[in-house]
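Okay, so here's the structure we're looking at.
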Amino acid sequence: MPMITLPDGSKKEFDKPVTVAEVAASIGAGLAKAALAGKVNGKLVDTSHVISDDSDLVIVTGRDPEGLEVIRHSTAHLLAHAVKTLFPKAQVTIGPVIEDGFYYDFSYQEGTFSIEDLARIEEKMHELAAKNIPVVRKEIKREEAIKFFRDLGEIYKAKIIEDIPGSETLTIYEQGDFTDLCRGPHTPTTGALKIFKLMKVAGAYWRGDSNNEMLQRIYGTAWNDKKSLDEYLTRLEEAEKRDHRKIGKHLDLFHLQEEAPGMIFWHPHGWIIYQQIKQYMSQKILQDGYQEIQTPQLVDISLWEKSGHAELFKDDMFIVDTENSQYAIKPMNCPCHIQVFKNGLRSYRDLPIRYAEFSNLHRNEASGAMHGLMRVRQLAQDDAHIFCREDQIQEESYKFIQLLLDVYKDFGFEENLTIRLATRPDKRLGDDALWDHAEKALSESLKHAGLAFEVRPKEGAFYGPKIEFHLKDCIGRMWQCGTLQLDYNMPNRLEAYYIGEDSSKKVPVMLHRAAFGSLERFIGILIEHYAGKFPVWLAPVQAVVLNITDKQTPYVEKVVGFLKNQGIRAKSDLRNEKISYKIREHTLQCVPYLLVVGDREAEANTVSVRTQRGEDLGIHSMEAALALINAEIAKKGRIH
RNA sequence: GCCCAUAUAGCUCAGGCGGUAGAGCACUUCCUUGGUAAGGAAGAGGUCAUCGGUUCGAUUCCGAUUAUGGGCACCA
């Protein structure tokens with residue numbers, strides 16, 4: 001007879017096997033109604049699950065994270081149900097839960113789902129939910145399931161089952177006239193689904209392979225209560241206000257135009273930020289033993305053939321024909337850095353050699369891939385290649401990771417960081433033994449640095465595995481910024497060598513590394529991170545000096561001159577406008593310091609200091625105001 | 001590259017079932033010299049993305065192209 005232990009430690013004994021729903025009912029009517037699923041000995045099950053042995057049981061409701069997942073999963077089914085009702089010829093494929101919601105992919109050859117269809121589908125979903133249709137779990141044999149879905153004309157479902165190995169028993173869920181293959185669990189009835197919204201339609205390849213048919217994906221969100229949904233929608237709206245494309249326009253930082261897709265026109269204020277972070281990094285790596293170099297933009301195709309780029313990266317390269325030869329605009333610096341390395345005889349004593357370069361790279365990105373500053377066709381990386389001996393890999397990797405973490409702290413990125421180890425891709429250079437070696441070395445160095453990371457199979461570069469440092473944008477999309485790549489192949493292909501201790505020629509190992517990744521992308525992330533309110537060291541204009549009336553004009557000019565002399569990016573606003581008007585304008589332009597000057601200040605040689613946030617820092621002498629600004633500049637973007 | 005959507009003034013956006021367009025902000029001029037988030041008035045500003053088709057007439061309807069947006073695929 002099952003003895004059920006509840007989370008609070010209390011025990012309930014039943015004289016016969018019971019379902020999760022029955023246990024919930026025995027506790028209370030409210031809980032019985034709220035129960036969406038159960039967790040028996042840690043395993044998530046339907047409320048119809050029968051418990052026959054002594055077990056631990058948690059009744060899962062919409063308030064639990066698992067319950068919310070069940071809601072979203074069931075809402076995906078409800079979406080499929082509604083689509084099948086309205087568009088009987090659509091075929092179902094997969095419908096997983098994702099962050100904040102779910103999606104469902106359909107194959108619908110007869111047409112496409114429009115925004116208006118979305119509204120109709122959503123209405124139908126509410127209708128089906130209101131009917132409170134029981135959701136019934138059934139076990140079915142693999143072969144039977146294939147036949148079942150084949151007969152329904154659901155070819156994709158049949159394919160999915162065919163790929164499930166062995167003869168294991170599968171489960172299907174029936175709700176009214178709709179049946180879907182699913183592992184479950186699901187809500188007991190469709191009535192549990194009330195708070196949901198379809199968000200957008202998009203294309204998505206069957207099985208994520210661009211050689212396959214493009215399916216139609218419908219994204220939705222679902223919540224346990226109306227308040228959470230509203231909060232989510234507000235969060236989205238707020239996040240969109242931080243969009244770097246919007247802020248970039250508003251703050252006049254850069255623009256893009258049709259004649260140069262994916263290439264940035266940097267405006268004066270944007271270029272200050274760009275120069276600022278570039279100079280910052282330039283100094284940073286100099287201290288770490290790097291040497292900055294500059295190599296050609298246009299290099300004969302023969303070098304790219306030797307390096308392997310022509311074979312494995314050609315689609316991403318811009319090729320230029322001249323009368324006698326073919327050149328490629330460089331998409332990466334590495335082959336050129338190897339040329340500098342080779343220009344001279346290197347001893348093992350010279351290693352490591354660290355060459356850095358910030359020059360522009362061009363990559364012919366797919367037209368649909370471009371995205372503001374985040375994904376562009378012309379970019380500059382804080383790129384460097386470290387040539388070292390096998391026994392130096394560990395230390396060099398560790399040193400770079402420390403550099404990167406230190407840099408990220410200066411921008412306040414401590415929580416936002418996701419680290420991945422991307423291993424050998426299908427299209428690659430070199431033999432597997434080298435890849436084994438390289439992958440191991442990278443994962444060891446991450447472990448040594450005490451960093452948590454996830455492994456991403458097949459996502460490495462064609463010449464070697466890589467560590468990826470990802471930062472999130474305002475709506476949670478992740479962008480790879482920093483990277484550390486270990487390359488045993490390219491130095492060998494391009495015949496780089498050094499003289500070892502035993503006087504023999506040895507091939508150096510090459511580390512490709514960047515902390516920002518592309519400056520463009522990093523600035524995009526920065527804009528969203530700060531919502532345009534840059535810390536003082538990056539702010540394009542650090543202080544504006546404002547007069548109250550014309551009378552103070554000479555004094556304002558004196559203050560601005562003083563600040564500029566001291567290296568502050570200061571300017572005056574002498575317009576014939578009211579002070580509140582000017583303050584509003586510069587506040588919206590995210591100028592960190594507003595120095596107001598009226599007769600009182602002009603007479604006493606002082607300024608009244610107001611910050612972008614609206615704080616009044618009081619009256620200060622010019623020197624004291626300068627000290628305030630400089631102290632803030634020195635902090636950079638550090639949180640701690 | 002693929003799917004869907006979008007493209008109107010410097011910016012944010014209206015509008016038109018076919019008769020060449022409108023607001024707010026910004027801009028220019030004038031009045032106002034005002035102490036910490038919008039003072040007032042007047043004026044100027046558009047080949048309605050590009051190219052084609054239908055039509056007496058297209059910014060509007062149709063098609064193509066380009067770019068952008070959301071996804072997918074690919075990648076920093």
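Numbers restart at 1 for each chain; the letters A, B, ... are given by sequence-line order, proteins then strands. Quick caveat: nothing in here was measured; it's all calculated off a predicted structure.
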Considering Watson-Crick and G-U wobble pairs with both distances under 3.5 Å, what does [N] pair with?
N	value
B/C74	none
B/C13	B/G22
B/U47	none
B/G35	none
B/U28	B/A42
B/U68	B/A5
B/C61	B/G53

Contact class for [X] (heavy atom, under 4.0 Å): base, sugar-phosphate, or nothing?
X	answer
A/Ser114	nothing
A/Asp599	base
A/Ala202	base
A/Glu258	base
A/Ile583	base
A/Gly460	nothing
A/Arg217	sugar-phosphate
A/His371	sugar-phosphate

Please report the distance, rounded to the nearest Å, between [atom1] in [X] and [atom2] in [N].
X	N	atom1	atom2	value
A/Leu588	B/A38	CG	P	10 Å
A/His620	B/U36	NE2	P	18 Å
A/Glu520	B/A76	CD	P	15 Å
A/Lys200	B/A5	NZ	C1'	13 Å
A/Asn212	B/C3	CG	P	15 Å
A/Arg575	B/A26	CZ	P	9 Å
A/Asp209	B/A73	CG	P	10 Å
A/His255	B/C11	NE2	P	10 Å

Donor-acceptor pair (no angle test) under 3.5 Å: [X] side chain, [N] base:
X	N	value
A/Arg610	B/A37	yes
A/Glu601	B/G35	yes
A/Thr587	B/U36	no
A/Tyr205	B/G1	yes
A/Asp616	B/U36	no
A/Glu365	B/A76	yes

Please state whether the phosphate of [N], meaning OP1 or OP2, lies under 4.0 angstrom from any side-chain nitrogen or oxygen of [X].
X	N	result
A/Arg207	B/C72	no
A/Lys249	B/U12	yes
A/Arg375	B/G70	no
A/His512	B/A76	no
A/Thr549	B/G34	no
A/Tyr103	B/G70	no

Do A/Thr295 and A/Glu357 have a side chain donor and acceptor closer than 3.5 Å?
-> yes

Any luck finding a side-chain donor-acceptor pair between A/Arg217 and A/Tyr219 under 3.5 Å?
-> yes

Please measure how far the [atom1] atom in [N] lies from the corresponding atom in [M], and state the result in whole Å.
N	M	atom1	value
B/A14	B/A23	C1'	7 Å
B/A44	B/G22	P	13 Å
B/C51	B/A42	C1'	41 Å

Would you say the ring centroid of [X] lies under 6.0 angstrom from that of [Y]?
X	Y	value
A/Trp223	A/Tyr232	yes
A/Tyr108	A/Phe113	yes
A/Phe534	A/Phe411	no
A/Phe254	A/His269	no
A/Phe102	A/Tyr104	no

What is the distance from atom CD1 of A/Ile386 to atom CD of A/Glu396, rounded to the nearest 0.5 Å?
-> 4.5 Å

Looking at CZ of A/Arg363 and CD1 of A/Ile329, how far apart are the two atoms once the value is rounded to the nearest 0.5 Å?
-> 13.5 Å

Find which nucleotide of RNA chain B each of A/Gln378 and A/Met370 is nearest to by heavy atoms, and output the residue with the more 5' nucleotide.
-> A/Met370

Specify the residue among A/Lys551 and A/Arg477 whose closest nucleotide of RNA chain B lies further upstream toward the 5′ end.
-> A/Lys551

Kindly point out which of B/C4, B/G35, B/G71 is positioned nearest to the side chain of A/Ile548?
-> B/G35

